[in-house]
Amino acid sequence: MSLNTDRSYKMKLRDVENAFKYRRIPYPKRSVELIALLAISCTFFLFMHTNKLNSRLKEMEVKLQPSEFSALGLTGNHISGHDAGKHDDINTLHGTYQYLKSTGQLQRLSADRLNNTKNAEVEVLFFNRAAKVGSEAMLELFIALVDYNDDLELERSGLREPTVRQMTKRAQREAAELVAGLDEGTFYIRHINWLDFSEFDLPLPIYINMVRDPVERVISWFYYARSSYKNAIEYRKSPNKKIKPESWYKKNFNECVRSGDPECQYVPHTVKDFIPNFKRQSLFYCGHHDDCLPFNSPTAVQMAKEHVERDYAVVGSWEDTNITLTVLERYIPRFFRGAKLMYEMHTNKITNRNKNKRKPYIEPEVKEMIRRNFTHEYEFYHFCKQRLYKQYLALNLHELQKHGLLN
Ligand SMILES: *[C@@H]1O[C@H](CO)[C@@H](O)[C@H](O)[C@H]1NC(C)=O
Ligand SMILES: *[C@@H]1O[C@H](CO)[C@@H](O)[C@H](O)[C@H]1NC(C)=O
Ligand SMILES: *[C@@H]1O[C@H](CO)[C@@H](O)[C@H](O)[C@H]1NC(C)=O
């Protein structure tokens, strides 16, 4: 909706500009000034109007789409920590707690209502891992859990599948059939976008995934693409591939962004990437629809949020390891019983898996430059984090209050 109003506003602006451009008749100075004044006030009026309309629509949407999971409702997560209040940042555990408390939602928290695991129709764990969110570490945890619990197994075939951005309906169906056909108690892990099992009349598995700060993700990808680990794997797959020049390997991220190098341009609404870089974290949650592709698009992010809300049992983050492990353990006990203990026993193995040791310094201004182009991606990321905190609070509220951890 905001897209359309934006567009019509831009069109009107262009009309005004064109009206100026294509007039060849010389005007006396006064009337030029008058026209300019008129144009400016016209633009201003339109600007005010679209702004007001936009926020009205947003308000209506929030009212129409309450969210069981996220503190701010399904469409209300654009509120950044800065706007939400001076006292606290809503995008922290404590901030989410404060927000829920001040809006009277705390008493109504219910772990049962925040539990999507019970909607699953087959006890298969489907981890459609997003790129650069630490999924290899999660795989290491799966391995530890499978070793520890005889009722669990790990299906590895998905690990060998190449990452495809958008799949045909037929390929989607085949992928979904494979997952739905696995034995109960199986972990399945693959880089693949959200799949709609009900569309294919297949039983719903237990969906999980992980998120990570969007800008940290793209920086991580930039250096991962240059790592010897990744390049060794690719060389083994296709030894005849042309090797990139040394200057490419030595490229510095700060320079790359500042100089406008196309590799480090993250332009909203673009569909093609100069070099594949997985900058769309929300794509893994949005799915295979064409509308999911434009980068940082509100439509794609909205679809992604709806899928998270309805389908995902847990979307965790290694930025909140303890919270994530607790939520996994309690909401999906069949698979994650003992996860915290396993994590503690295997911390080194888990945290070192596929970790890129090369972490050069990134200037804060450079991060800020890219952050500005990831607004909706941040909205999605914060939505998932608030949801995770809410699930955690619903479990531990009394405990946390008793120990004074939330005051
Ligand atoms: C951000 O997006 C704008 C277009 O909206 C583009 O001109 C700019 O180069 C982008 N900056 C980065 C660092 O991606
Ligand atoms: C996470 O939990 C472990 C023990 O379960 C504890 O030692 C550690 O301090 C916790 N970390 C944080 C950041 O709370
Ligand atoms: C969520 O549902 C699953 C499956 O019914 C159940 O095993 C688990 O204990 C529930 N967790 C919570 C916190 O309600």
Side-chain angles (χ1 to χ4, degrees), residues 2-3 6-7 9-10 13 68-69 108-126 145 149 151-152 184-185 203-208 214-219 221-222 251-281 294-298 310-316 323-340 362-378 387-400:
S2 68
L3 254 178
D6 226 41
R7 196 170 304 143
Y9 158 68
K10 279 201 184 124
L13 193 64
E68 198 67 66
F69 284 106
R108 288 186 285 115
L109 269 190
S110 147
D112 188 52
R113 281 210 306 271
L114 298 171
N115 191 349
N116 274 351
T117 308
K118 54 185 205 295
N119 303 338
E121 292 156 337
V122 57
E123 296 217 325
V124 169
L125 191 113
F126 178 39
L145 287 163
N149 187 338
D151 294 333
L152 297 176
E184 304 242 320
L204 280 183
I206 302 168
Y207 295 74
I208 70 158
V215 168
E216 299 302 331
R217 265 187 84 241
V218 293
I219 297 169
W221 173 262
F222 180 86
K251 215 186 261 186
N252 169 293
F253 190 75
N254 299 309
E255 275 289 296
C256 186
V257 174
R258 284 193 187 280
S259 67
D261 185 328
E263 190 184 350
C264 299
Q265 291 290 297
Y266 309 96
V267 181
H269 299 291
T270 47
V271 171
K272 276 214 168 103
D273 299 335
F274 178 72
I275 287 181
N277 57 14
F278 300 107
K279 62 178 172 281
R280 303 159 177 80
Q281 177 161 240
F295 167 59
N296 201 44
S297 120
R310 197 190 62 206
D311 289 343
Y312 282 79
V314 176
V315 176
I323 293 174
T324 297
L325 292 175
T326 304
V327 169
L328 284 171
E329 206 164 300
R330 298 285 297 277
Y331 284 86
I332 320 177
R334 160 101 200 239
F335 285 86
F336 290 96
R337 194 161 23 91
K340 263 189 140 166
I362 310 295
E363 298 159 25
E365 309 86 65
V366 166
K367 285 191 184 176
E368 191 45 48
M369 277 170 78
I370 22 182
R371 200 171 286 133
R372 282 198 287 269
N373 286 8
F374 281 79
T375 46
H376 293 285
E377 282 293 331
Y378 268 98
R387 177 183 193 264
L388 179 71
Y389 297 143
K390 212 169 156 184
Q391 285 180 306
Y392 181 74
L393 287 167
L395 287 174
N396 290 312
L397 197 53
H398 294 299
E399 196 74 357
L400 292 168

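Every number for a ligand or one of its atoms is a count from 1 in the order of the listing.
Considering every non-hydrogen atom in both Tyr207 and Tyr312, the closest pair reads CB-CD2, 3.4 Å. The shortest heavy-atom contact between Arg334 and Leu152 is O-CD2, 3.6 Å.
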- Message: Set out, in order, the CA-CA distance, both residues' side-chain angles and the distance that settles side chain to side chain contact (heavy atoms under 4.5 Å, CB included) for Leu388 and Thr324, then state yes or no.
- Response: CA-CA 7 Å; Leu388 179 71; Thr324 297; 3.6 Å; yes
- Item | Trace of the side chain to side chain contact (heavy atoms under 4.5 Å, CB included) decision for Phe222 with Ile362 | CA-CA 12 Å; Phe222 180 86; Ile362 310 295; over 6 Å; no
- Could you go step by step and tell me if Lys251 and Glu263 meet the salt bridge (Lys or Arg N to Asp or Glu O under 4.0 Å) rule? CA-CA 10 Å; Lys251 215 186 261 186; Glu263 190 184 350; 2.8 Å; yes
- Message: Pair Asn296, Tyr266 - check side chain to side chain contact (heavy atoms under 4.5 Å, CB included), show working.
- Response: CA-CA 9 Å; Asn296 201 44; Tyr266 309 96; over 6 Å; no
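Not a single heavy atom of Ile332 sits closer than 4.0 Å to an atom of ligand 3.
Nearest non-hydrogen protein atom to atom 8 (C) of ligand 1 is Gln265 OE1, 3.7 Å. In this structure, atom 1 (C) of ligand 1 lies nearest to the protein heavy atom Asn373 ND2, 1.6 Å. Nearest protein heavy-atom contact of atom 14 (O) of ligand 1 is Tyr266 N, 2.7 Å. Atom 4 (C) of ligand 1 has as its closest protein heavy atom Val267 CG1, 4.0 Å.
Shown here is Lys272, whose NZ atom has no more than 12 heavy atoms of other residues, nucleotides or ligands within 6.0 Å.
Near Leu395, with a cut-off below 4.0 Å to any heavy atom, the atoms of ligand 3 are 13 (C). Shown in contact with Lys118 at under 4.0 Å from a heavy atom are these atoms of ligand 3, numbered in order with element: 5 (O). The contact set between ligand 1 and Pro268, taken as ligand atoms under 4.0 Å from a residue heavy atom, comprises 2 (O), 5 (O).
At least one N or O atom of Arg330, backbone or side chain, sits closer than 3.5 Å to an N or O atom of ligand 3. Annotation: Asn115 places an N or O atom under 3.5 Å from an N or O atom of ligand 3; distance criterion only.
Between Glu377 and Arg217 no salt bridge is recorded (no basic side-chain N to carboxylate O distance below 4.0 Å).
Ranked by closest heavy atom to atom 9 (O) of ligand 3, the top entry among Ala120, Ala394, Pro333, Ala111 is Pro333.
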